[in-house]
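Take a look at the structure below.
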There are 2 protein chains.
Amino acid sequence: MIRGPQAAPSEGEAGDGRADAALVAKICWYYFREGQTQDAIAQRLKMTRKRVNRILGEARESGFVQITIADPAGHRTEIEEELIRKFDLRHAIVVPVPLGGTDVRSFIGAAAARYVAECLPPSGSLGITWGGTINAAAQSLPQRSGDGTRVVLMSGGLAESAPINPYDNATMIARALGARCYYLTAPMFAETAELRDILVASEPVRSVLAMVPSLDVALLSAIDLSEQSKALEYEVISRETWASLLEAGAVGDICGHYLDSAGKPLHHPLVQRTIHPPIDHVLQIRHRILAAGGEHKVPIIRAGLLAGFCQVLVTDEAAGSKLLD
Amino acid sequence: MIRGPQAAPSEGEAGDGRADAALVAKICWYYFREGQTQDAIAQRLKMTRKRVNRILGEARESGFVQITIADPAGHRTEIEEELIRKFDLRHAIVVPVPLGGTDVRSFIGAAAARYVAECLPPSGSLGITWGGTINAAAQSLPQRSGDGTRVVLMSGGLAESAPINPYDNATMIARALGARCYYLTAPMFAETAELRDILVASEPVRSVLAMVPSLDVALLSAIDLSEQSKALEYEVISRETWASLLEAGAVGDICGHYLDSAGKPLHHPLVQRTIHPPIDHVLQIRHRILAAGGEHKVPIIRAGLLAGFCQVLVTDEAAGSKLLD
DNA sequence: CCTGCATCGTCACAAATGTGTAATGGGCTC
DNA sequence: GAGCCCATTACACATTTGTGACGATGCAGG
């Protein structure tokens with residue numbers, strides 16, 4: 001059984017030295033490329049079939065072998081066509097809803113990763129935000145050598161390490177791309193609006209934020225404000241804040257900008273405390289990709305689309321068809 | 001069982017309309033990404049397990065799903081290191097030799113395809129030559145949208161359709177890249193040197209050849225002159241020509257340029273009849289990749305390296321280690 | 001309408017795969 | 001050197017997968 005790609009990246013595995021990478025590669029070649037049986041490979045390499053089996057399993061989970069499904073380029077799904085037309089997008093990618101218990105975000109993340117890998121030029125720069133979808137993307141981003149590639153995390157950090165942490169996200173993506181990583185060394189939300197302004201004006205936060213408008217690609221995620229919102233679950237925002245955001249008409253946020261259902265940015269007190277690039281800076285990024293799915297994210301995705309946050313949408317069938325209603 | 005990628009591309013299959021591409025994609029997602037069992041997928045999609053099974057098989061063979069093995073970038077094999085040092089290469093890729101009866105060329109082709117896909121810029125131009133290795137590459141080249149990508153076939157054609165035909169090669173590669181393809185509308189060898197000169201000077205041959213120096217990437221293959229040479233087997237050259245080439249000291253050719261074992265181009269009569277770009281034009285191509293392997297190709301590969309034909313070598317372990325002797 | 005051809009579903013089975021459990025053995029600490 | 005921990009092996013077994021045989025269904029042409 002191939003477990004989904006969101007297997008916890010626990011346990012210290014730095015250089016992945018457990019099994020000689022060359023050996024793993026060889027086994028993978030024989031198995032996937034040549035179609036040899038695990039048994040045959042084991043005999044040939046003088047090891048147990050079980051060992052081969054385990055190595056193959058690990059190779060898949062760790063992303064050592066990537067299985068990519070042809071992008072039916074030019075042969076778009078109806079739903080993709082519709083989305084492109086309705087929201088005037090450059091491109092839309094709609095992935096199927098998982099059958100089993102798998103998290104949709106890992107599907108969407110994988111597709112987004114693929115797209116990013118394709119459109120991020122060598123030595124390009126990529127801005128990312130925070131979220132489970134981005135995390136999933138990080139895990140299935142194809143390795144690349146990326147000379148001079150830069151990754152910029154466009155949100156502050158969380159002091160208390162949530163299961164999904166902005167800094168982790170950024171680190172993983174940067175590692176996969178072989179990129180240099182720039183973090184916002186500030187909390188996601190400052191304690192007061194004044195402090196926020198001071199932080200944003202101070203180095204090194206200022207210079208990292210200053211990179212945003214000239215980024216090549218932005219990989220954005222959308223945070224919803226439904227009951228199932230991860231922001232709530234991980235206590236990124238308190239229940240009171242949540243309630244007050246809802247009351248103000250917010251449906252979620254993209255890159256820290258809370259939007260109402262029409263895509264208009266709100267002037268909620270929280271926004272004054274958020275460390276993030278201004279909207280118009282984000283909108284100056286040449287290539288903007290929004291990766292988000294799941295039915296509860298439909299309102300914020302729609303808001304983001306209306307606000308012009310993205311030219312490329314990566315989502316799932318469920319959200320995609322709801323967006324068309 | 002996953003059969004090797006060189007399954008004959010026989011039978012007319014143009015648009016591949018047998019099974020809805022979207023359906024195939026979905027099944028592949030469920031199976032490869034989510035790890036669902038074929039049975040579960042069949043039930044969910046209300047079809048037989050056998051059907052799912054068959055679709056998956058076809059998807060693999062047709063290259064609809066690609067299985068890529070992580071390039072241990074920066075973590076090179078010793079043999080790769082040595083090759084790079086000894087021949088002053090920019091990069092070397094050494095694939096394992098197949099266990100079973102699989103043709104080495106499909107391995108090498110796959111690796112080369114992957115490399116090309118990586119280094120060919122969007123809207124870039126790619127020059128290719130003729131040969132089984134290139135053919136294998138075509139078959140495992142990841143699909144891409146390639147706006148404005150161009151593929152130039154740098155050799156003439158064969159009138160009598162050999163199992164591996166230059167035009168087929170070019171077409172397949174162009175199709176995979178979504179590229180516009182430029183052919184040399186001339187035979188591989190003209191009947192006389194005079195006719196060759198006339199052809200080369202005439203349109204449209206001239207303008208296609210004129211594209212060569214400014215190509216972004218060249219994917220070159222090496223044709224050997226051993227007894228096992230495919231050129232001989234497919235009767236691309238006659239046995240007499242073959243003998244006379246050997247006598248002149250040739251060890252094979254790259255892009256129609258016959259070289260001796262030191263890499264010096266020969267002035268054999270055949271060369272005067274060959275429709276191909278001059279050596280210095282080929283050497284002006286910025287990014288030159290030589291994809292060839294198998295022990296019998298070692299002499300011509302070495303010659304090609306000495307002649308400076310490539311900065312990147314894709315070969316197999318057997319040839320690689322022989323090259324280091 | 002019937003015939004021939006081809007594709008698909010059903011069944012069945014052998015091979016391959018994933019996953020336990022217990023035994024083995026190598027390397028480490030003490 | 002004894003004892004222990006860990007990883008690997010050997011063995012066994014349930015699932016999953018690939019494939020062949022055979023009948024049913026559907027379609028084109030006479």
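Just so we're on the same page: letters track the sequence lines, and every chain starts at 1.
Rounded to whole Å, atom P of dT16(D) lies 15 Å from atom CG of L56(B). Between E58(A) atom CD and dA7(D) atom P the separation is 11 Å, expressed in whole Å. Between R51(A) atom CZ and dG18(C) atom C1' the separation is 17 Å, expressed in whole Å. One interatomic measurement links the two molecules: CD of E61(A) to P of dG18(C), which rounds to 11 Å at whole-angstrom precision. The nearest whole Å value for the distance from the CG atom in D39(A) to the P atom in dT16(D) is 20 Å. Separating the CD1 atom of I55(A) from the C1' atom of dG18(C) is a distance of 15 Å, rounded to the nearest angstrom.
Residues satisfying the side chain to side chain donor-acceptor pair (under 3.5 Å) criterion with K26(B), sequence neighbours excluded, are E317(A). For S221(B), the side chain to side chain donor-acceptor pair (under 3.5 Å) criterion is met by T129(B), not counting sequence neighbours. Shown here are the salt bridge (charged side-chain N to carboxylate O under 4.0 Å, His left out) partners of R85(B), two or more places apart in sequence or in another chain: E82(B). By the salt bridge (charged side-chain N to carboxylate O under 4.0 Å, His left out) test, K50(B) is found to be paired with no residue, residues two or more places apart in sequence or in another chain being considered. Listed by chain and number, the residues in a side chain to side chain donor-acceptor pair (under 3.5 Å) with T171(A) are Y183(A) (sequence neighbours excluded). The salt bridge (charged side-chain N to carboxylate O under 4.0 Å, His left out) test applied to R54(B) returns E58(B), not counting sequence neighbours. Residues forming a side chain to side chain donor-acceptor pair (under 3.5 Å) with T315(A) (at least two apart in sequence, or on another chain): none.
Axis angle between the ends of the helix from dC1(C)-dG30(D) to dC30(C)-dG1(D), five pairs each and rounded to 10 degrees, works out to 30°.
Taking 4.0 angstrom as the limit, R54(A) places a side-chain polar atom (N or O) nearer than this to OP1 or OP2 of dT8(D). An OP1 or OP2 oxygen of dA16(C) is reached within less than 4.0 angstrom by no side-chain nitrogen or oxygen of Y31(A). Side-chain N/O atoms of R60(A) include one lying less than 4.0 angstrom from OP1 or OP2 on dG18(C). T37(A) has a side-chain polar atom (N or O) that falls below the 4.0 Å cut-off from OP1 or OP2 of dT17(C). The side chain of Q38(A) places an N or O atom within less than 4.0 Å of a non-bridging phosphate oxygen (OP1 or OP2) of dG18(C). At least one side-chain nitrogen or oxygen of N53(A) sits closer than 4.0 Å to the OP1 or OP2 atom of dG18(C).
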Could you walk me through whether T37(B) and D39(B) pass the side-chain hydrogen bond (donor to acceptor under 3.5 Å, both in side chains) test, one step at a time?
-> CA-CA 5 Å; T37(B) 166; D39(B) 215 1; 5.7 Å; no
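DNA chain C is contacted by R49(A), K50(A) of residues 41-50 of chain A, taking any non-hydrogen atom closer than 4.0 Å.
Annotation for A319(A) and G293(A): closest pair CB-CA, 4.2 Å, computed over non-hydrogen atoms.
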